[in-house]
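Because the structure is a prediction, the values reported are computed rather than measured. Position 1 is the first residue of the sequence, and the numbers go up from there.
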Amino acid sequence: MTKLTSILCYWAAWVIIPLLVEVLPNIVYSIVLVWKKIRLKYKEKDLSEFKPVITLIVPVYNSAGTLYRCIQSIYESTYPTECIEVLLVDNGSKDNSFQEFQRAQLDFAHLGMWWMYSRQGKSKALNKAIFNSNGKYVINIDSDGILHKDALTNMVKRFENHPEIDCMTGVILTEPDLIDKTKSFWLRQFQKMEFVEYAQAFLAGRNYESQFHSIFTLSGAFSAFRKSILLKTYLYNTNTICEDTHLSFQIKDILKKDVLLCHDALFMVDPIESVNKFYTQRQRWQIGELEVSNMFMKNKMSNMFTGLFKNPSMRVLIQDHTFAFPRMIWYFALIAMGCMNYDFSNIIIAMGLIYGLYMLDAFMYYCNIVSFMEPFPDIRRYYARKIFYVLMLPLYNLFAFFVRFAGIINSIERKSTWKTKTLIEEAGEISETLAKDYRILPILRKVVKTLLEKPEDEECYTDNTSINST
């Protein structure tokens with residue numbers, strides 16, 4: 001009976017729990033997305049002859065290498081140029097960003113652009129631009145990406161067809177052309193995994209969440225608002241590194257409005273430059289998420305069980321953070337089980353089964369994402385050819401999990417800052433700490449070796465001891 005109980009507990013921990021917490025819900029999500037795709041056959045009305053003025057806010061910081069292309073993508077948008085005003089807010093750039101702006105002014109003379117200075121951080125830069133905006137809708141985009149030509153049109157069309165919608169986030173993808181130009185083979189593979197991850201996160205994850213009004217946060221890289229709703233908030237908070245998440249919580253928790261996804265508004269960002277950049281980026285997101293959640297949900301965490309079912313934001317926190325510790329223990333338990341002579345074949349079977357279930361999830365999402373990319377044939381074709389990377393996504397997500405987990409640990413002992421330590425810097429600190437804390441080990445080894453050494457004349461030693469004792 002004891003052996004049977006042990007086996008049942010093992011399979012419950014390694015298969016049943018992941019099955020109930022992640023796999024089965026993801027299958028339900030995929031079915032919901034199929035239903036949503038069927039409903040999209042009923043097209044929304046096109047924009048009328050009157051098209052509202054929109055304001056695009058582009059925060060700039062050392063963006064000389066990307067700013068011109070960003071402005072060019074706005075100019076080449078299918079939304080009428082005369083209805084767009086662009087406010088570029090410089091946050092103390094030390095490169096040639098302003099010269100790139102001047103070049104864009106000459107080349108795109110019909111696009112209304114204004115350059116503003118703000119040297120007090122990104123949040124205050126965004127707030128300054130909002131106060132100076134004239135558009136009915138305010139759209140924020142990062143300076144290191146480009147808009148799809150139909151993104152603005154699709155975003156405004158969704159607003160105009162649905163007066164109840166107050167804010168939306170666009171779909172963020174990494175730019176395929178830049179991925180293919182990456183010289184390093186291994187970095188290029190990592191960037192392709194990142195592309196697949198972004199597609200799944202937005203066109204599957206947030207796409208589903210949007211259906212049930214449970215999106216955790218807007219994307220700071222591409223988000224849109226009715227100006228009227230922005231002016232009812234406290235705007236962007238200057239005391240957090242995740243100002244977009246803070247604004248999302250203001251809209252959801254204070255104003256009781258929904259945050260939705262515009263699934264056909266694409267914004268293409270630069271792929272990640274290195275694993276070090278990935279490490280700092282994801283840690284910053286993780287630390288900021290916890291920081292903002294503490295601001296808004298500190299008094300709501302008393303009843304976690306109720307929150308798991310009623311509060312979408314709390315459900316995300318419980319899954320991403322509360323479950324993070326047992327998940328980490330499960331991973332390391334494999335080593336312990338191997339040391340305890342546990343049946344290695346059971347471990348392999350369990351892990352293979354779990355990985356197979358995650359692959360099934362990823363493939364179902366893959367089919368949904370391909371269908372939602374139908375309006376974008378080039379991007380759809382690029383993604384469709386990445387089926388191998390889709391099936392490898394569980395391993396990539398495992399690496400991302402440990403990076404996020406490091407962010408949870410760092411949030412406990414460090415004050416949040418925009419600049420976080422890289423993977424190399426933290427690895428160096430760990431090495432130094434181990435060398436410092438365990439430098440006594442060589443001395444202990446010598447002492448133990450001395451104590452265990454056999455004396456040269458064991459018989460003489462015994463006799464002397466006996467004489468002394470007598």
Side-chain angles (χ1 to χ4, degrees), residues 11 14-34 36-37 171-180 182 184-209 263 266 268-269 271-272 275 278-279 282 319-320 323-324 327-328 330-331 334 345-374 376-405:
W11 284 96
W14 284 99
V15 178
I16 296 176
I17 291 177
L19 188 69
L20 294 177
V21 173
E22 292 183 302
V23 176
L24 288 180
N26 288 345
I27 293 173
V28 174
Y29 300 164
S30 297
I31 295 171
V32 170
L33 291 176
V34 172
K36 178 178 179 177
K37 181 62 178 175
V171 173
I172 313 299
L173 296 173
T174 52
E175 194 174 349
D177 290 343
L178 296 181
I179 294 174
D180 291 338
T182 301
S184 169
F185 172 80
W186 293 113
L187 179 58
R188 189 164 64 251
Q189 307 315 306
F190 193 80
Q191 291 174 346
K192 289 177 180 178
M193 293 297 303
E194 182 193 30
F195 176 87
V196 171
E197 179 205 19
Y198 270 60
Q200 182 168 303
F202 283 90
L203 289 172
R206 292 194 187 187
N207 207 354
Y208 164 81
E209 292 166 359
H263 66 272
L266 304 189
M268 315 300 291
V269 299
I272 204 74
V275 176
F278 178 88
Y279 187 79
R282 300 308 169 94
Q319 289 179 341
D320 282 0
F323 287 170
R327 281 181 69 185
M328 185 204 66
W330 293 342
Y331 294 135
L334 287 175
S345 62
N346 280 347
I347 297 175
I348 296 297
I349 293 171
M351 294 305 296
L353 181 58
I354 291 173
Y355 193 83
L357 290 171
Y358 282 137
M359 285 176 63
L360 175 64
D361 275 351
F363 181 73
M364 292 181 70
Y365 277 149
Y366 168 82
C367 297
N368 278 306
I369 292 166
V370 168
S371 69
F372 276 98
M373 284 184 174
E374 188 177 356
F376 317 103
D378 292 341
I379 299 173
R380 184 189 195 191
R381 194 179 305 112
Y382 183 84
Y383 177 78
R385 293 172 178 170
K386 300 294 175 289
I387 181 65
F388 169 76
Y389 298 92
V390 171
L391 299 180
M392 293 295 291
L393 195 59
L395 290 177
Y396 175 91
N397 289 336
L398 179 63
F399 173 70
F401 163 76
F402 278 103
V403 173
R404 295 202 330 265
F405 189 80

ask   = Which atoms form the tightest heavy-atom contact between Leu178 and Pro271, and what is the distance?
value = CB-CD, 3.7 Å

request  = Scan residues 195-208 for pairs that pass salt bridge (charged side-chain N to carboxylate O under 4.0 Å, His left out), counting only residues two or more places apart or in two chains.
outcome  = Glu197-Arg282

query = Do you know which two heavy atoms are closest between Gln200 and Ala362, and how far apart they sit?
reply = OE1-CA, 4.2 Å

message = A side-chain contact here means heavy atoms from C-beta on lying under 4.5 Å apart; do Leu395 and Tyr355 qualify?
response = yes

key: Partner residues of Phe363 under the side chain to side chain contact (heavy atoms under 4.5 Å, CB included) criterion, sequence neighbours left out   = Tyr366, Cys367, Ile387

Contacts of type salt bridge (charged side-chain N to carboxylate O under 4.0 Å, His left out), residue Asp378, not counting sequence neighbours = Arg381

Atom pair NZ (Lys36) and NE2 (His263), whose distance is rounded to the nearest 0.5 Å = 6.0 Å

request  = Kindly write out the residues that satisfy salt bridge (charged side-chain N to carboxylate O under 4.0 Å, His left out) with Glu194, not counting sequence neighbours, or none if the list is empty.
outcome  = none

query = If every non-hydrogen atom of Leu173 is compared with every non-hydrogen atom of Leu266, which pair is closest and at what distance?
reply = CD1-CD1, 4.4 Å

query = Taking the side chain as C-beta and beyond, is there a heavy-atom pair between Tyr358 and Asn397 under 4.5 Å?
reply = no

ask   = side-chain hydrogen bond (donor to acceptor under 3.5 Å, both in side chains) with Tyr208: which residues, sequence neighbours excluded?
value = none

query = Distance-only, no hydrogens or angles: does the Lys386 side chain make a donor-acceptor pair with backbone N or O of Val196 under 3.5 Å?
reply = no

ask   = Partners of Phe195 by ring pair (Phe, Tyr, Trp, His ring centres under 6.0 Å), sequence neighbours excluded?
value = Tyr382

key: Pair Ile369-Phe202, side chain to side chain contact (heavy atoms under 4.5 Å, CB included): steps then yes or no   = CA-CA 9 Å; Ile369 292 166; Phe202 283 90; over 6 Å; no

All side-chain hydrogen bond (donor to acceptor under 3.5 Å, both in side chains) counterparts of Thr182, not counting sequence neighbours = Gln191

request  = Mind listing the closest non-hydrogen atom pair of Met268 and Thr174 along with its distance?
outcome  = CE-O, 3.4 Å

task = Decide side chain to side chain contact (heavy atoms under 4.5 Å, CB included) for Tyr365 and Leu393; before the verdict, give the C-alpha distance in whole Å, the side-chain angles of both, and the deciding distance to 0.1 Å.
result = CA-CA 11 Å; Tyr365 277 149; Leu393 195 59; over 6 Å; no

ask   = Which atom names give the shortest non-hydrogen contact between Val370 and Arg380, and what distance separates them?
value = O-NE, 2.9 Å

Under the side chain to side chain contact (heavy atoms under 4.5 Å, CB included) test, residues paired with Ile31 that sit two or more places apart = Ile27

Check: Tyr29/Glu209 side-chain N/O donor and acceptor closer than 3.5 Å = no

query = Taking all non-hydrogen atoms of both residues, which atom of Ile179 and which atom of Lys192 are closest, and how far apart?
reply = CG2-CG, 3.8 Å

task = With sequence neighbours excluded, tell me which residues meet side-chain hydrogen bond (donor to acceptor under 3.5 Å, both in side chains) with Arg188.
result = none

request  = Please list all pairs passing the salt bridge (charged side-chain N to carboxylate O under 4.0 Å, His left out) test where one or both residues lie in residues 351-363, with sequence neighbours left out.
outcome  = none

key: Residues in side-chain hydrogen bond (donor to acceptor under 3.5 Å, both in side chains) contact with Asn368, at least two apart in sequence or another chain   = none

Ring pair (Phe, Tyr, Trp, His ring centres under 6.0 Å) partners of Phe278, counting only residues at least two apart = Phe190, Tyr396, Phe399

